Amino acid sequence: MNERLLQFIWQFQYFNKQALHTVGGEAVQVIHPGLLNSNQGPDFQQASVKIGTTVLVGTAELHLQTSDWLKHQHDGDANYKNVVLHIVWQHNATIHAHIPVLELHNRVSKIMLQQYQQWMNNPQLVPCAGTINGVKELVW
């Protein structure tokens, strides 16, 4: 797993959203994942989530581990004051009581992760070139 893949998974909502909850046990509903931010600051702008009965709109930050928040020094950075959800691959530390944390590692298809790994380790110029024969002519 890397942060760019995690961003892709979040942006296109490629995870199981059934009975979604924060690591603290609060129900989560993703209204809008936000817009990918290619500039300084949180990964997604204008995200909208419902935590419990409260709708929150702001930014969303993604990390491989919860503790990366401190490692990246977001705790003292004003760019991160409007984060409404911290999305992590693995929750490994409680570092901010006021920002809900959503852990995704048990909610992403293992098949999708295996396919990604296979493509990234493929030496061909176009990683999925070997699957071209399986594409129907009408689709092609």
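Predicted, not measured: the structure shown is a model, and the values here were computed from it.
With Trp10 contributing its side chain and Pro33 its backbone, the two residues share a donor-acceptor pair below 3.5 Å.
Residues Ile31 and Val55 share a closest heavy-atom pair of CD1-CG1, 3.8 Å. Here the closest non-hydrogen pair linking Pro42 and Val83 is CG-CG2, 4.0 Å. Between Ala93 and Ser67, the shortest heavy-atom contact is CB-CB, 4.2 Å. Nearest heavy atom pair, residue Leu62 against residue Leu6, reads CD2-O, 3.5 Å.
Scanning for side chain to side chain donor-acceptor pair (under 3.5 Å) contacts around Thr94 gives an empty result, with sequence neighbours left out. Qualifying side chain to side chain contact (heavy atoms under 4.5 Å, CB included) partners for Ala27, counting only residues two or more places apart in sequence or in other chains: none. Take His96 and apply the ring-ring contact (aromatic ring centres under 6.0 Å, His included) test, not counting sequence neighbours, and it matches Trp69, His86. Applying the side chain to side chain donor-acceptor pair (under 3.5 Å) test to Asn82 and every residue at least two apart in sequence or in another chain returns nothing. In this structure, the side chain to side chain contact (heavy atoms under 4.5 Å, CB included) partners of Ser109, at least two apart in sequence or on a different chain, are Ile111, Met112. Every residue meeting the ring-ring contact (aromatic ring centres under 6.0 Å, His included) condition with His72, not counting sequence neighbours, appears here in chain and number order: His63, His74.
Here the side chains of Leu56 and Leu85 are not in contact, with every heavy-atom distance at 4.5 Å or above. Inter-residue side-chain proximity for Tyr116 and Asn2 is flagged as met; some heavy-atom pair is nearer than 4.5 Å. Using a 4.5 Å heavy-atom cutoff, the side chains of Phe15 and Gln13 are in contact.
Listed by first then second residue, pairs satisfying side chain to side chain donor-acceptor pair (under 3.5 Å) with a partner in residues 39-59 read Gln7-Asp43, not counting sequence neighbours. Residue pairs meeting the side chain to side chain donor-acceptor pair (under 3.5 Å) criterion with at least one member in residues 16-32, sequence neighbours excluded, do not occur. Here salt bridge (charged side-chain N to carboxylate O under 4.0 Å, His left out) pairs that include residues 56-72, with residues two or more places apart or in two chains, are Asp68-Lys71. Here salt bridge (charged side-chain N to carboxylate O under 4.0 Å, His left out) pairs that include residues 96-118, with residues two or more places apart or in two chains, number zero.
Under a hydrophobic-cluster definition in which Ile, Leu, Val, Met, Phe, Trp and Tyr are linked whenever side-chain heavy atoms come within less than 4.5 Å, directly or via other members, Val57 and Leu102 are assigned to different clusters. Val84 is not connected to Leu35 by any chain of hydrophobic side-chain contacts under 4.5 Å among Ile, Leu, Val, Met, Phe, Trp and Tyr, and they are in different clusters. Hydrophobic clustering (side-chain heavy atoms under 4.5 Å, transitive across Ile, Leu, Val, Met, Phe, Trp, Tyr) groups Trp89 together with Leu20.
Screening Ile9, Val108, Leu104 for a side-chain contact (heavy atoms from CB on, under 4.5 Å) with Met1, the sole residue that qualifies is Ile9.
With a 4.5 Å cut-off between side-chain heavy atoms of Ile, Leu, Val, Met, Phe, Trp and Tyr, the cluster of Val88 takes in Val23, Val101.
Rounded to the nearest 0.5 Å, atoms CG (Leu36) and CZ (Phe12) are 8.5 Å apart.
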